[in-house]
Amino acid sequence: MSERFKVVYYVNQFFGQIGGEDKASMEPEVHESTVGPALGFNGLIKDSGDVVATIICGDNYFNEHKADALEKITSIIKKYNPDVFVAGPAFNAGRYGMACGEIGKYVFEQFKIPVVTGMYKENPGVDVCRQQAIIIETGDSAAAMRKALPVMAKIVTKLVNGEELGSPSEEGYIPQGTHKTVIVDKRGSQRAVDMMLARLKGQEFETEMPMPVFDRVDPAPAVKDIRKATIALVTSGGIVPVLNPDHIESASATKFGKYDISGMDGLSPKDFKTIHGGYDPVYANEDPNRVAPLDILKQYEKDGKIGKVFENYYVTTGTGTAVANSVKFGVEIGAQLKAAGVDAVILTST
Amino acid sequence: MRLELGRIFIKDIQFGSETKVSNGLLTVNKDELAELIKEDDRIKDVKLDIARPGEKVRIIPVKDVIEPRVKVGSKVQGFPGVTSAMHRVGLGRTNILYGAAVVTIGDIVGMQEGIVDMFGEGAKWTPFSKTFNLVVDITPEAGLEPHSHETAVRLAGLKASSYLAKCAENMEAEEVLVYEMDNVAENIKKYPDLPKILYVEMLISQGLLHDGFIYGVNSKEILPTLIHPNEELDGAVISGNCVAACDKITTYQHQNNSVIQDLYAKHGKELNFLGVVLTPELTTLEGKFRSCEMTANLAKMLGADGVIVSEEGYGNPDSDLLIICKKLEQEGIKTVLITDECSGQDGFSQPLADTTPEAVAVVSAGNVSHLVKLDPAEVILGNIAAIENISGGWHDSVQEDGRIFCELNAIIGATSEIGFHNVTTVLR
């Protein structure tokens, strides 16, 4: 970059040299100068960039008037148009960390510029902005400032130059938690054989895929009287109206569909088909009820075994679908069904 | 058992009046091959094309890739139980048109097929951008039932590969690889101090376009089975799997199974390679429990110290992979797993659909949802619209300028779970 890059820097009332706890309720102020750590930081990037403004805000003010604070910060960002936003470092200060985290996440999402901050690994602000900001790992007190700033400066410079960051341990940041796909020298089978020999010899080795830890969802209480219940049909089996009007993907779905089945006795192969890429489609296309058993549910309704079948069914494709998306779909569909007075769901998967 | 693989290096392919190899040039009699393929009356027409490394050619949707090979000095040729009657393989001399490949293409039920780009960004992600490819596009007879269609295409590719290699039967090989090992008992006696390693190769066995074949038997119908590595290297295992292009094991990759090759390279030196167990990935819980239990039993019976387990596909087979791992680790048998991950386009999601704490040694073959932008091609062999229905493609994957935005899911061999490719993920 031939132009010098611009930084807007955020600090709290203490690091902004306004005051201590007594000043924690101060409203955000902007200074076209470098204050506190912003001064040291500015010195470290002087070859290619400048801190064009420092925002100072009270930790209590931010946490108690979040919407107002973010509005003010939005107008500051718009005015100065920085290439990167830097906050903290907050070390282990909880309220400061939360402020850096919330603001950092907000700025990243609204303005799509890189955000860099610094925190001790146990600061609650880490989980707030881990995926959006690069959080360099600091010690737990301000004594760690001298070590933290150069690391932040180095990462900021790389990011504005569009350079890829190395591993968290190499660069000194807290892992964001993403798995980045890269091409390496050794093929996978060779790495597997090497890993096996290392294990057998009792040597150190590093797994390439630490095992995921799943959360658990408590089941809802049982339906009291099923004969009066409204039952909704939901499927991850990819059964959609034949034209797939919402273009639900055959794998790695990024959306779900909601379709009206109120007048139907079942899912007719003339009107519905499967777009799911993970199973032999022939039998599902012959009779979509095999995957999404609307016919049985409607029969139960006629026979009085259930109260009624909900007028819509929901569908997505379950193969290769990222867990994060699955959680999103579940929460949204659940909210809609609950609002509509549905009592229970038959959820089919393949 | 001793198998010699003789490599005849192929440096170009052309169409010509006679099928032969001369100075690295494979010439193909297009009409003769087309006639041979059309002997199957399920096939109405066939189109043959050539795609060379570096050419701006995109091949889509790919069904299988096969390496052309011929058995030297044998009346019986072809893939046992598939294109020829059941016969013994894994020994003697097999000549290979090394650097060439047959690539079959075409929509069957419009899903689950893949891309091979011979150039640009896409070429990095598939091994078949480096082979000289004879592309076989089958048009089925009207109204052909999908299962028959799949069979016809599969057999056509295998037959084409044998046809090409026939001319090399009596040629001098430029390089000969020897795969030789004694039986299990002899090996244990010979190498008492070397760790005994078993390779468990999981095969997707979940229905049309999602199957493997062992001596012609659909993998859905098998129990976990011990075979000699030479059998797989010599044509006993072929692909009927077009699911998730990124990690399906093509017939070419069975013929050149990289785990087998890399274990063999260290056999008798750093390890004692016991053999290969083929394990079906079934769709029922009962089937899964049976496959996993019997696989673990075989490993225990053979006295394995370590087991490398490779998966095919993702999603429900992740459970089988981890159940096998858990059963082995709990008996003190060390495992290394090779699998890919479905971590979402942003890489933040959990990699597998299941988890078990015993899986402490895992090789990642990459994130299937990693996004790539493929450069515009000058020539499309096949049907570009198929990208909408491929795993990893979507409704507007094809850009106006001809670029394709898609996931690695869509690219043949990109996240090979037999570790054929050199891709991985790193934590950031």
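Everything quoted here is computed from the prediction, not taken from an experiment. Proteins come first, then strands; the chains are lettered A, B, ... in the order of their sequence lines, and each starts at number 1.
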With a 4.5 Å cut-off on heavy-atom pairs, point out which of A:Q190, A:E249, A:E171 contacts chain B the most.
A:Q190

Side chains of B:V360 and A:T207: closer than 4.5 Å at any heavy-atom pair?
no

Are side-chain N/O atoms of A:S189 and B:D262 paired as donor and acceptor at under 3.5 Å?
yes

Report yes if the side chains of B:V362 and A:E208 come closer than 4.5 Å at any heavy-atom pair, otherwise no.
no

Residue by residue, scan residues 107-126 of chain A and write down, ordered by number, those that have a heavy-atom distance under 4.5 Å to chain B; if none do, write 'none'.
none

Evaluate the criterion salt bridge (charged side-chain N to carboxylate O under 4.0 Å, His left out) for residue pair A:K180 and B:E341; output intermediate values, then yes/no.
CA-CA 11 Å; A:K180 183 160 171 232; B:E341 35 190 294; over 6 Å; no

Taking the basic N atoms (NZ, or NE/NH1/NH2) and the acidic carboxylate oxygens, is any pair closer than 4.0 Å for A:R187 and B:E417?
no

Taking B:N422 for its side chain and A:V184 for its backbone only, find out whether a donor-acceptor pair lies under 3.5 Å.
yes

Shortest non-hydrogen separation from B:I338 to A:A192 and the atoms involved
CD1-CB, 3.6 Å

Between B:K266 and A:V193 the two heavy atoms that sit nearest each other are CD-CG1, 3.9 Å

Distance-only side-chain donor-acceptor flag, B:H147 / A:D280, under 3.5 Å
yes

Applying a criterion of heavy atom separation less than 4.5 Å, what residues of residues 311-323 of chain B form contacts with chain A?
B:Y314, B:L322

Between chain B and each of A:M195, A:K186, A:E206, A:H179, count heavy-atom pairs under 4.5 Å; write down the option with the most.
A:H179

Can you tell if the side chain of A:F205 reaches within under 4.5 Å of the side chain of B:V336, non-hydrogen atoms only?
no

Heavy-atom check, side chain of B:T425 versus side chain of A:M209, under 4.5 Å:
no

Chain B shares the most heavy-atom pairs under 4.5 Å, among A:G177, A:P175, A:P168, with A:G177

Would you say A:Y279 and B:T283 make side-chain contact, with heavy atoms under 4.5 Å?
no

Would you confirm whether A:R199, through its side chain, and B:T335, through its main-chain N or O, come within 3.5 Å as a donor-acceptor pair?
yes

Side chains of B:Q345 and A:S252: does their closest heavy-atom pair fall under 4.5 Å?
no

Do the side chains of B:E270 and A:K201 get close enough for a salt bridge, i.e. N-O under 4.0 angstrom?
yes

